[in-house]
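To start, the structure under review is shown below, and the notes come after it.
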Amino acid sequence: GNEVSIDSLARKVQESLSLAKRHKFWETQPVGQFKDLGDASLPEGPIEPPTPLAEVKQEPYNLPSPYEWTTCDLDSEDMCNEVYVLLTNNYVEDDENMFRFNYSKEFLRWALHPPGYYKSWHIGVRVKTSKKLVAFITGVPAKIRARDTVVVMAEINFLCVHKKLRSKRLAPVMIKEVTRRVHLENIWQAAYTAGVVLPTPVSTCQYWHRSLNPKKLIDVGFSRLGARMTMSRTIKLYKLPDHTITPGFRKMELHDVPAVTRLLRNYLKQFVVAPDFDENDVEHWLLPKEDVVDSFLVESPETHEITDFCSFYTLPSSILGNQNYSTLKAAYSYYNVSTKTPWIQLMNDALIVAKRKDFDVFNALDVMHNETFLKELKFGPGDGKLHYYLYNYRIKHVLRPSELGLVLL
Ligand SMILES: CNCCCN(C)c1ncc(F)c(N2CC(C(=O)NCc3cnc4ccccn34)C2)n1
């Protein structure tokens, strides 16, 4: 009926209150503001100039009295485990609270220890008395090109506040603290993503999902049986060959780093915003690491030239409240390049390898050239939108996803 229950009304009030507070906070920050959207006179580039380092706040921001700052050293097994447990129990869930991201410890160490990382940007909040870790936020340095300008930015990620401490206004002070620590390293721009709308998205992307294990996906409620479809017909629809079909398709190895760097740098040139990877970055971000990142390339059997590349990262989700399964094994499309092998064939080989590695689903954003293969390879549009943001950097127009060459973890 149309009766609105009291608690759903209360939830709506709470949501709109936190949305109002969220915008109030972001209207104080050097980010593109909604009111500026139409103003073509505003130049592209930094919104505010750097602050002289002596004028950057030297001491941490004040936390509410029961809490204290801590720096999380992920090389410490104990600390890495504390971060893993906090995220496993309190990080991003889908709107229906059926799934929660379950980044692994190995993944977190990989994601947070790229070349040139700062330990001081791995920030935790503890309860002073119990020393329990109750919140987390991170930054890693990255060379990002925006049109023709390469800027060293902080990639901000893994903002997580314990479920029991929500709406205590911890997130704004954590964002200000990571910003302060980034400023202390003379870095003045940042990049981040969110499933929620903030001022102002650089681009808004759509997730697409390719079923690999449709029976499990339907059983756990990730997808639904199509109209006029039976389960056996659905399993047949998503069936993949046991082996890849592209001649010369193989796992990337250390000696491939120079060639893959050339291939990827040349490919990423065409996008308005993209990482400016050097060989050290490629070695860290794209060499295969078991249960973290997989990468493959096509080496021409005739010329031994490396002509194509595909990669995906491993990000499982906890399944909340299903009798038969506890984990959804998801692969996320990362960076792909096609110069000789057609996109469809290259990405179909990626699906074949992901299926063979027992992934349940292969996710991809509609960024870069992904829309050229999504529909034909039987990806379906997801309900999750991912908004991309830049801090203290104005891009003249909102970008189409196909103009974006950046994938954050
Ligand atoms: C770049 N830093 C954010 C990345 C975090 N990523 C991967 C993310 N951010 C927002 C999303 F909308 C999203 N989606 C993947 C699609 C999906 O699989 N939706 C069902 C589902 C399964 N498990 C979960 C866990 C949380 C949310 C939705 N879940 C939607 N992914």
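The first residue in the sequence is number 1, and the count goes up from there. Values reported hereafter were calculated over all heavy atoms of this structure, with side chains retained and with hydrogens, waters and symmetry mates removed. For ligands, and for the atoms within them, numbers begin at 1 and follow the listed sequence.
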Asp75 meets the salt bridge (Lys or Arg N to Asp or Glu O under 4.0 Å) criterion, sequence neighbours left out, with Lys119
In Arg126, Lys131, Lys132, the residue satisfying salt bridge (charged side-chain N to carboxylate O under 4.0 Å, His left out) with Glu68 is Lys131
Using 30° and 60° as the class boundaries, would you call the ring planes of Phe249 and Phe296 parallel, tilted or perpendicular?
parallel
Quick one: do the His387 and Thr204 side chains pair a donor with an acceptor below 3.5 Å? yes
(Q) Pairing donors with acceptors under 3.5 angstrom, does anything connect the side chains of Asn157 and Thr138? (A) no
Write out each pair where an N or O from ligand 1 and one from the protein are under 3.5 Å apart, with the distance.
from     : atom 1 : to     : atom 2 : distance (Å)
ligand 1 : 2 (N)  : Thr193 : OG1    : 3.3
ligand 1 : 2 (N)  : Leu409 : O      : 2.9
ligand 1 : 6 (N)  : Tyr207 : OH     : 3.4
ligand 1 : 23 (N) : Ser317 : OG     : 2.8
ligand 1 : 31 (N) : Tyr207 : OH     : 3.4

Lys355 charged N/C atom sitting above Phe359 aromatic ring, 6.0 Å / 45°:
no
